[in-house]
Amino acid sequence: MKKRTENLKKRLMRELKPAWDHYTDKAKKETLKFSDKYKEFLSGVKTEREAVEWIVANAEKNGFNNFLKKRGKKFYKVNRDKSIALAIIGREPVLEGIRIVVSHIDAPRLDLKPNPLYEDVELALLRTHYYGGIKKYQWTSIPIALHGIIINGDGKKIKINIGDNAEDPVFTIADLLPHLYRKEQSQKKLVEAIEGEKLTLLAGSFPFPDNEEKERVKLAIMEILNKKYGIKEEDFISSEIEAVPAIPARDIGWDMSMLGGYGQDDRICGYTSFKAINIIKAPVHSTLVLFLDKEEIGSVGATGAQSQFLVDCIREIISRKGKTSSFDMVREVLNKSKALSGDVNAAINPNYQNVLEKTNAAKLGYGVVLTKYTGAGGKYGTNDASAEFVGEIRRLFNKNKVIWQTGELGKVDEGGGGTVSEYIAQYGIETVDCGPALLGMHSPFEVSSKADLYETFKAYRVFLQS
Ligand code: MN
Ligand code: MN
């Protein structure tokens with residue numbers, strides 16, 4: 001009887017094991033090596049613009065050329081410095097469709113307001129407007145760096161990057177001391193305890209040495225900014241300065257099996273898809289890897305997934321296959337194409353297990369997550385991948401020994417969220433969400449598993465090669 005049970009279990013039941021259980025010593029080593037490079041990337045790249053710069057520099061090293069400068073099988077196309085595409089022309093006719101992996105390189109943060117600098121109680125401060133879904137209390141009392149650009153009165157672009165080098169100063173949002181927080185914070189709902197307008201960064205305290213004047217600290221800071229960057233106060237209006245955690249990525253745990261860092265949603269998918277397209281040679285189908293902006297605020301604007309950037313890339317691929325890209329042809333290619341929407345899911349948090357329904361939730365360290373649908377309130381606002389396509393991806397992963405699991409973004413009535421997949425699917429592209437699960441998503445220090453990182457890379461590689 002025992003034997004029969006064993007056989008039946010083996011034949012019929014789905015068994016989930018941590019990825020580490022599948023690994024040989026060699027695979028473990030490879031995983032750790034892979035994560036070290038990722039850690040470097042994560043510590044150095046903190047905005048979508050920096051991600052684009054990093055991708056361009058590293059893609060060029062791997063033989064991708066700017067699409068404007070050179071014809072050939074491998075090209076990249078930058079969209080307004082905030083989103084980018086890499087492509088390799090495949091062996092099959094373009095009408096057989098394209099393999100696409102799409103992720104986003106923007107991340108939740110605090111943007112400086114157009115008029116950020118002000119003085120109050122002899123302190124200089126910077127006003128912010130948060131970008132994407134944040135829990136405001138997580139952004140107080142941590143070191144903050146400023147990354148971005150300023151366009152001055154002459155139209156010159158000035159880069160700002162301060163707070164991430166050891167010798168740099170940092171900025172911070174001073175929180176209220178617990179001794180005095182009874183009425184201001186502790187009796188309020190968590191979401192109301194810190195108001196958006198109170199997310200102001202400390203930026204200076206030395207007064208300008210003319211005590212006849214008002215706002216002397218602000219004036220002194222403007223003098224420093226003018227010397228350092230050559231800017232005037234009005235220049236802030238034409239700037240994009242992002243306040244991000246001045247915290248480098250680190251290994252987590254005695255076993256160093258996990259990795260913590262800012263912006264893993266979704267640069268973990270950006271990095272792994274970049275690595276994947278760089279390892280494949282002469283793919284069967286033409287491959288396209290997209291790194292998009294504005295996902296965290298609804299995939300809007302000229303650089304988000306709702307823009308026509310994807311179509312522009314498809315047209316470029318068609319022309320490199322020697323065809324003229326008519327409307328009909330673009331539609332045909334799109335309808336034949338397949339995509340993995342590379343984005344993160346939520347892993348079961350040991351302290352908050354009840355927000356997820358455990359038989360369908362992802363677990364840290366159990367491999368890349370295949371998410372059929374996201375959305376909220378009854379699948380509202382999601383691409384619901386077809387059973388046929390999920391079946392196809394499942395077979396592909398099993399055949400190539402990709403360690404994978406399924407995930408759902410929370411219990412049915414709990415809340416939810418979305419990804420770019422619904423916008424990609426609208427073109428007629430078969431799309432499913434596929435990426436690792438994180439703990440502490442959208443926090444200044446998100447947690448991933450090194451095994452999941454590696455399995456995500458493997459998943460994108462086999463898909464782009466298929
Ligand atoms: Mn995301
Ligand atoms: Mn997100």
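Start at 1 and go down the list; that is how both ligands and their atoms are numbered. Small disclaimer: the values here were computed from a predicted structure and weren't measured. The first residue of the sequence shown is numbered 1, and numbering continues consecutively from there.
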Taking atom types as modelled, find out whether Glu96 and His285 have a side-chain donor-acceptor pair closer than 3.5 angstrom. no
What I want to check is whether the side chains of His442 and Glu296 have a donor and an acceptor closer together than 3.5 Å. yes
What do the steps show when you test Lys450 against Tyr38 for side-chain contact (heavy atoms from CB on, under 4.5 Å), and what is the final call? CA-CA 10 Å; Lys450 291 182 179 180; Tyr38 169 62; over 6 Å; no
No-hydrogen, no-angle side-chain donor-acceptor test under 3.5 Å, Asp106 and Tyr131: yes
Protein-derived N, O or S atoms lying under 2.8 Å from the Mn ion (ligand 2), waters excluded: 4
What I'd like to find out is whether the side chain of Thr200 reaches to under 4.5 Å of the side chain of Ile173, using heavy atoms alone. no
Please list, chain by chain and in numerical order, all residues satisfying side chain to side chain contact (heavy atoms under 4.5 Å, CB included) with Glu408, sequence neighbours excluded. Glu357, Asn360, Tyr373
